Amino acid sequence: MNSVLERIYEIGIVPVIAFNSPDEALPLCKALAAGGLPAAEVTFRTACAEECIKIIKKEMPEMLLGAGTVLTIEQADRAMAAGVEFIVSPGFNPEITKHVLSKGGLMMPGTATPGEMEQAMGLGLDTVKFFPAELNGGVEKLKAYAGPYKTLKWMCTGGVSAKNVNEYLNFDQIIAVGGTWMCKSDAIKAGQWDKITAMSREAVDTMLGLELGHIGINSANAEEAAATANLLGSLLGKPVNEGNSSIFVGAKEFEIMKQPGRGKNGHIAVKCNNVDRAVYHLGLRGVKFDMDSMVTKNGRHIACYMADEVGGFAIHLVQK
């Protein structure tokens, strides 16, 4: 996957912004980044878009920037000259798409029909925008399209919100969504940067869906494991089921290892919606991971351990 697309995929949610003034550029992007969303699609719906991009690019080079609502070749040239890393249009314009590609830019034209998608693929694109997503049938429509278009990926905008974001992101061929719910125009106009940071953090937390999976307890041997499992089962009134290398208590809330495993005392499994995105976003919060521990199944990362133990327990992310 293209390195910019890879980063878009890891971030998962790209805020879509129509700036009212260049004065909003830095405080808004700082608020988004502080909430865990270091990305923005700056729409060319307002006259100050180009200037805002230049300001952000200069002062926050780590911010992933795209230009949205690009309707002409002239706008595309201005956006690329200002330093954007990708360009998005609401519809499929072959001439704009060809022009951006000829300049070495990353283009995601808007598509809604199989015909538009096939034309984009004919130009060599493997990722396009699906817009407006909800009005065009949402995830269910894309799942139908995915039958014949198994290699095509989508970034979805239009009607995506906190309520349905994971319906989109849980489908593997959707690399990211764009939205405005974490940075509404009234909050931007009022300069409510703390609110935008909080909404961004909430959006990330919703996307990650972190929750306790199970607790693994180390034992010296199978006999000790059996004694621990039976004691927990008796205390909690839960069934005990033996596996090859461990014994499970309840609905696998506890895993009693038959021999010492990772972690001084054992391990804690944390479920998440997407291991790649969880590794990325928790990394922004200072968590380090042992990337050599990454487990892959059918081409998808499904588990990864944090580098450090907590309270004598190794902690690993697992795919839901």
Side-chain angles (χ1 to χ4, degrees), residues 1-14 16 39 41 43 64 66-71 73 76 85-161 163-179 207 209 272-277 280 295-302 319-320:
M1 188 184 293
N2 173 284
S3 60
V4 175
L5 288 175
E6 181 71 26
R7 193 169 173 211
I8 291 173
Y9 161 73
E10 289 177 335
I11 294 172
I13 299 172
V14 178
V16 179
E41 177 189 318
T43 72
L64 180 66
T69 321
V70 173
L71 301 176
I73 288 176
E85 292 160 284
F86 63 95
I87 291 179
V88 182
S89 60
F92 177 66
N93 184 312
E95 297 309 312
I96 296 175
T97 301
K98 291 176 185 177
H99 179 77
V100 172
L101 295 177
S102 73
K103 299 291 185 179
L106 174 62
M107 180 76 190
M108 285 186 282
T111 62
T113 66
E116 293 170 333
M117 293 173 191
E118 286 192 23
Q119 289 182 71
M121 293 170 72
L123 295 179
L125 299 180
D126 59 10
T127 305
V128 295
K129 178 179 178 178
F130 184 54
F131 175 82
E134 281 293 279
L135 289 178
N136 276 307
V139 180
E140 293 307 310
K141 177 66 73 67
L142 290 183
K143 287 181 178 179
Y145 287 164
Y149 304 134
K150 297 184 184 299
T151 61
L152 187 62
K153 296 186 182 300
W154 295 279
M155 183 167 84
C156 301
T157 61
V160 182
S161 67
K163 293 182 179 179
N164 62 13
V165 60
N166 283 323
E167 294 178 21
Y168 283 90
L169 293 179
N170 287 342
F171 182 41
D172 286 347
Q173 284 181 237
I174 295 175
I175 69 163
V177 297
M207 172 178 63
C272 63
N273 290 326
N274 182 290
V275 170
D276 294 320
R277 293 193 182 106
Y280 174 80
V295 178
T296 304
K297 183 178 181 181
N298 297 326
R300 186 179 187 183
H301 293 149
I302 61 169
Q319 180 72 45
K320 290 183 179 177

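Positions are given from 1, in the same order as the sequence printed here. None of these values were measured; they are calculated from a predicted model.
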On a heavy-atom basis, which atom in Q319 and which in N274 lie closest, and how many Å separate them?
OE1-CA, 3.6 Å
Under 4.5 Å between any side-chain heavy atoms of T157 and P90, yes or no?
no
Any side-chain heavy atom of M108 within less than 4.5 Å of one from E41?
no
Parallel, tilted or perpendicular: ring planes of Y145 versus F130, cut at 30 and 60 degrees:
perpendicular
With side chains defined as the heavy atoms from C-beta onward, is the minimum distance between L101 and L125 less than 4.5 Å?
yes
Is any side-chain heavy atom of C156 closer than 4.5 Å to one of E134?
no
Do any N or O atoms from the side chain of T111 and from the backbone of K129 form a donor-acceptor pair under 3.5 angstrom?
yes
Calculate, to the nearest 0.5 Å, the distance between atoms OG and CD belonging to S161 and E167 respectively.
8.5 Å
Between N164 (side chain only) and V160 (backbone N and O only), is there a donor and an acceptor less than 3.5 Å apart?
no
Measure across R277 and G12 and return the closest heavy-atom pair with its distance rounded to 0.1 Å.
NE-CA, 3.5 Å
Distance col, row L64:CG vs I11:CD1, nearest 0.5 angstrom, shows 5.0 Å
Just by distance, do the side chain of D276 and the backbone of E10 share a donor-acceptor pair under 3.5 Å?
no
Minimum heavy-atom separation for I96 to V70, with atom names?
CD1-O, 4.2 Å
Under 3.5 Å: donor-acceptor pair, side chain of N273, backbone of K320:
no
Taking all atoms of both residues into account, what is the closest heavy-atom pair of G138 and Y168, and its distance?
CA-OH, 3.3 Å
Looking only at heavy atoms, the pair that brings I175 and K153 closest together is CG2-CD, 3.5 Å
CD1/I302 to OG1/T296 distance, rounded to the nearest 0.5 angstrom?
7.5 Å
Calculate, to the nearest 0.5 Å, the distance between atoms OH and CD belonging to Y280 and E6 respectively.
11.0 Å
Are L123 and F92 close enough that some pair of their side-chain heavy atoms sits under 4.5 Å apart?
yes
Side chains of M155 and L5: closer than 4.5 Å at any heavy-atom pair?
no
Measuring from atom CE of M1 to atom OG1 of T127, what distance do you get when rounded to the nearest 0.5 angstrom?
6.5 Å
Quick one: pull up CG in L169 and CE in M207 and give me the separation to the nearest 0.5 Å.
7.0 Å
Check L152 against Q173 and note the closest heavy-atom contact, atom names and distance.
O-NE2, 2.7 Å
Quick one: does V128's side chain get under 4.5 Å of W154's, heavy atoms only?
yes
